[in-house]
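Worksheet: one structure, shown below.
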Amino acid sequence: QVQLVESGGGLVQAGGSLRLSCAASGRIFSPYTMAWFRQTPGKEREFVARIDWTFGGTYYADSVKGRLAISRDITKNTVYLQMNSLKPEDTAVYYCAAAARGVVGPRPGEYDYWGQGTQVTVSS
């Protein structure tokens with residue numbers, strides 16, 4: 001069993017930056033994939049980025065390429081989402097997710113564990 005706890009959300013002006021953190025507790029064995037999703041009211045949960053826990057390979061949604069960056073610190077069991085050049089359309093609840101296998105796609109149903117979410121609001 002893995003527990004995920006997000007932090008770092010908040011209110012920021014357009015063009016600003018935030019860094020989200022997701023601390024994982026429990027035992028993480030390779031292969032493992034960590035990801036960030038986001039969701040706004042009335043919409044489906046949207047894939048943002050994922051990272052292979054062992055090798056560090058990353059994959060991004062087209063809408064965030066070049067602005068958001070996912071990374072992980074294995075020693076701290078933590079995954080990060082650095083968010084730069086934020087836009088009002090980035091406003092959402094951001095969720096951390098984990099899958100106990102590698103080569104995981106962008107569908108929420110492929111992930112086994114979820115955090116409670118953290119709100120990010122970008123003002124224009």
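What you see is a predicted model, and the numbers here were worked out from it, not measured in a lab.
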Are [X] and [Y] close enough that some pair of their side-chain heavy atoms sits under 4.5 Å apart?
{"X": "W36", "Y": "E46", "value": "no"}
{"X": "W53", "Y": "I74", "value": "yes"}
{"X": "F47", "Y": "P108", "value": "no"}
{"X": "Q82", "Y": "S17", "value": "yes"}
{"X": "M34", "Y": "C96", "value": "yes"}

To the nearest 0.5 Å, what is the distance between OG1 (T91) and CD (Q119)?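 Rounded to the nearest 0.5 Å, the OG1-CD separation comes out at 7.0 Å.
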D90/K87 under salt bridge (charged side-chain N to carboxylate O under 4.0 Å, His left out): CA gap, chis, key distance, verdict: CA-CA 5 Å; D90 293 317; K87 304 175 182 180; over 6 Å; no
Could you state whether [X] and [Y] fall into the same hydrophobic cluster, counting links through intermediate Ile, Leu, Val, Met, Phe, Trp or Tyr residues with side-chain heavy atoms under 4.5 angstrom apart?
{"X": "V79", "Y": "L18", "result": "yes"}
{"X": "L4", "Y": "L20", "result": "yes"}
{"X": "I70", "Y": "V2", "result": "yes"}
{"X": "Y111", "Y": "V93", "result": "yes"}

Quick one about Q13 and S123 (side-chain donor to acceptor, distance below 3.5 Å, no hydrogens or angles considered), yes or no?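 Q13 and S123 do not have a side-chain donor-acceptor pair below 3.5 Å.
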Indicate whether any N or O donor in one side chain lies under 3.5 Å from an N or O acceptor in the other, for D52 and T33.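 On atom types as modelled, these side chains do not qualify, holding no pair under 3.5 Å.
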Using the benzene-type ring in the case of Trp, are the ring centres of Y95 and F37 under 6.0 Å apart?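 No, the ring of Y95 stays outside the 6.0 Å limit from the ring of F37, centre to centre.
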Residue pair [X] / [Y]: nearest heavy atoms and the distance that separates them:
{"X": "V12", "Y": "L86", "answer": "CG1-CD1, 3.6 Å"}
{"X": "Y60", "Y": "A69", "answer": "OH-CA, 3.3 Å"}
{"X": "S21", "Y": "T78", "answer": "CB-CG2, 4.3 Å"}

Would you check, one step at a time, whether the test side-chain contact (heavy atoms from CB on, under 4.5 Å) holds for V48 with L68? CA-CA 9 Å; V48 174; L68 275 59; 3.8 Å; yes
Would R38 and Y94 count as a cation-pi pair here, with the cationic atom under 6.0 angstrom from the ring centre and within 45° of the axis?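 No.
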Go through the steps for L81 and R19 under the test side-chain contact (heavy atoms from CB on, under 4.5 Å), then give the verdict. CA-CA 6 Å; L81 186 67; R19 189 177 80 157; over 6 Å; no
Counting distance only, does the side-chain N/O of [X] pair as donor-acceptor with the main-chain N or O of [Y] below 3.5 Å?
{"X": "R50", "Y": "Y59", "result": "no"}
{"X": "T118", "Y": "G9", "result": "yes"}
{"X": "N77", "Y": "S25", "result": "no"}

On the 0 to 90° scale, with breaks at 30° and 60°, tag the Y113-Y32 ring pair as parallel, tilted or perpendicular.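 Because their plane-to-plane angle is under 30°, the rings of Y113 and Y32 count as parallel.
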